[in-house]
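Step one of this worksheet: look at the structure below.
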Amino acid sequence: MQRPLWRLLWNTPREAVFDICLVIALLVFPRVVAGYYPTDALPGTYDWIGGLWFSHVANDLLCLGLLVRRRYPRLLLWVVALLSVAQALLIQFGPGPLLQINVSTDPWVPGATPWVLYAVIVHGRGHRYLTWALIAVVTAISLRLGNAPHPDVVITGAAWTIFPVVLGLYAAERGRLADALRERAERAEHERELLAEQARADERARLAVEMHDVVTHRVNLMVLQAGALGVASDDPAVHSAAEDLRASGGEALAELRDLVGVLRRSDDERGVPSVETAGADTPSDVPDFRELIGQSESVGMSVQFTAEGNPGPVTPAVGRTAYRVVQEGLTNAHKHAPGADVHVRVLYSDDRVRVSVRNTAPTGPAPDLAHSGGGVGLLGLQQRVELVGGTFRSGATDGDGFEVEAILPGYVPTEETADA
C-alpha cells in the first residue's frame, strides 16, 4: 500500500491541519492586524542589497518552513540562528535589520523563532550540545545581552525564546511519561493475557485428569461388562444388544481419549505435530456421512450431499468432530425445520476440512420435538470445534433458513495413548 504524501511531514492528520493553519495565520496576521511594515524604522534602514523585498520574501519563506518543523527541526534552527546573527550584525554595523522587525522593541530574531525552538525541543533527536549552543546564541541575540536593553525588550525576548524552550521541555517530558505509561499498560495487559492463558491451561489439565481418572475408567468397565454379557448369554437378542453396547462404548472411549489428549495441550501446541504424538495420532479418513444422511432421508427429509476437493486423512478427533457437526445440523433440521430442504456440503483442502449444513425455511408444522432439549447443542458443538482448533459459525440465512458451519484443521495432535 502506497504511503500518503502527508505522512512525509506529519504522523497524524491532526498535526498536518495544525501546522497548515499555523502557517496561514503567521502569513496573514501581520498584514491584517499589526501592519506589514515597521512604523518606526529610520530612513534608509532597508537600503542594503535586496532591501525590503528580500525581507518580505525571507519572512514568508521561514513561515512556510514551519511545515517541516516536525521532521527537520534542527535544520530550521540553523536557519534561525544564521538569520539572527546576520541581523544583529547588520543592525550594529550595517544598514539595518535583515528581516522585518521593529528595531527598538522587537527581538532581533525571526518571527517564527518561538515555533522553531519549541519544535527542536519536542521533536529534535541527537546532537544535544550543538542544539543547546544554537539556542543559546538565538536567546542572547533576542535579549540583546551586550547592549543593556530596556526591561520591555528583555521581557519580549524572553517570551520569544526562553518561554517556548521551557514549554517544549514540559511537553517533551509529558510525552515521554505518556509513552512510558502506555508501554506499562500494554505490558500489564500482556501479562494478564499470559496469566489468563495459564489459568485456562491449568483448568484444561485438571479436566483432563478428571476425565481420565473417572469417566474413561467407567466407560472401560461398561465395554468390558458388555463384552462379557455377550459371551455369557445364549440369547441372540441379548448378544446383539451387548455387541451394540460394546461398540458404542468403544466409540465413546475413543472420543474421550481424543478429548483428554486435546485438553492436555496448550493453544499454541494444537495443530502442530510433535515426535511424541505422531504415532498416537495416526491419521484416518474423514467419516462417511452417507449413512448419517441416509438415516435422515429414511424419515422423509430431503437431503442433498455435496463433497468438493480430495478427501485426505485427518486426525480421528477432527473426523469425529466433523461427524458431530453434520449430526447436529441434521438434528436441528429435524426439530425446527420440518419439510425443509437440507444441503450438506463438505469441502476438503490440503490442511482444512470445511463442513456446513444448511436448510431452507420450514414448510410444515413444528413437531413436539422442537421444544425438547436444553438448548445448548450449538453451544456445546462450538466449544467442541474450538477445542480442536477450528472455527464455528451458526445463524439464520436469507429466506428464513439456518446454517451450521465449521472449519476444522486437518491435524490435531493429542497426548493420550492407548493405555488411557
| Any idea which heavy atoms bring V138 and A81 closest together, and the distance? | CG2-CA, 3.8 Å
| Quick one: does R358's side chain get under 4.5 Å of R345's, heavy atoms only? | no
| query | Side chain of T360, backbone of D341: donor and acceptor closer than 3.5 Å? | reply | yes
| request: Give the C-alpha distance, both sets of side-chain angles, the deciding distance and a yes or no for side-chain contact (heavy atoms from CB on, under 4.5 Å) between L194 and H190. | output: CA-CA 6 Å; L194 291 178; H190 182 63; 3.6 Å; yes
| task | Can you see which heavy atom on G168 is nearest to which on I121, and at what distance? | result | C-CG2, 3.2 Å
| Value rounded to 0.5 Å, distance of CZ in F305 from CG in L292 | 10.0 Å
| query | Yes or no on side-chain contact (heavy atoms from CB on, under 4.5 Å) for V342 and M301, after CA distance, side-chain angles and deciding distance? | reply | CA-CA 8 Å; V342 182; M301 177 179 287; 3.7 Å; yes
| field | Carboxylate-amine/guanidinium contact D179 R182, below 4.0 Å | value | yes
| Ion pair check, E403 and R393, cut-off under 4.0 Å | yes
| field | Where T131 and R74 come nearest, the two heavy atoms and their spacing | value | OG1-CD, 3.7 Å
| said: I need the minimum non-hydrogen distance between V109 and Q87, along with the two atoms involved. | reply: N-NE2, 3.6 Å
| query | When you measure from the side chain of S240 to the backbone N and O of P236, does any donor-acceptor pair fall under 3.5 Å? | reply | no
| said: Within the supplied structure, the quantity of interest is the number of heavy atoms (other residues, nucleotides, ligands) at a distance under 6.0 Å from R14 CZ; does it exceed 12? | reply: no
| request: Ignoring hydrogens and angles, tell me if any N or O in the side chain of T139 forms a donor-acceptor pair with the backbone of T161 under 3.5 Å. | output: no
| task | Can you measure from CD (Q382) to OG1 (T391) and round to the nearest 0.5 angstrom? | result | 10.0 Å
| For the student: nearest non-hydrogen atoms of Y118 and P164, plus distance | CD1-O, 3.8 Å
| said: Any heavy-atom pair between the side chains of R70 and F18 that's under 4.5 Å? | reply: yes
| message | In the structure I gave you, are the side-chain heavy atoms of N332 and L378 within less than 4.5 Å of one another anywhere? | response | yes
| task | Check the pair F402, S394 against side-chain contact (heavy atoms from CB on, under 4.5 Å), reporting the backbone distance first and the verdict last. | result | CA-CA 7 Å; F402 196 83; S394 64; 4.2 Å; yes
| Are the side chain of S248 and the backbone N or O of L245 linked by a donor-acceptor pair below 3.5 Å? | no
| query | So, the side chain of S142 versus the backbone of G157: is there a donor-acceptor pair under 3.5 Å, distance only? | reply | yes
| remark: Partner of R352 under side chain to side chain contact (heavy atoms under 4.5 Å, CB included), picked from V318, L408, I407, is I407
| query | Quick one: CD on E328 to CZ on R384, what's the gap to the nearest 0.5 Å? | reply | 11.0 Å
| field | Whether F289 and Y323 hold their rings parallel, tilted or perpendicular, with breakpoints at 30° and 60° | value | parallel
| field | Reported CD1-to-CG distance for the pair I155 and L143, which is rounded to 0.5 angstrom | value | 11.0 Å
| Nearest-0.5 Å distance, CG of residue L117 to CZ of residue F163 | 12.5 Å
| field | Minimum side-chain heavy-atom gap L64-V23 below 4.5 Å | value | yes
| field | Closest heavy-atom pair and its distance - T363, G339 | value | OG1-O, 3.1 Å
| task | Look at atom CG of D351 and say whether more than 12 heavy atoms of other residues, nucleotides or ligands are closer to it than 6.0 Å. | result | yes
| said: Please determine whether the number of non-hydrogen atoms from other residues, nucleotides or ligands lying under 6.0 Å from atom CG of D235 exceeds 12. | reply: yes
| said: Other residues, nucleotides and ligands only: do more than 12 of their heavy atoms fall within 6.0 Å of CD on E193? | reply: yes
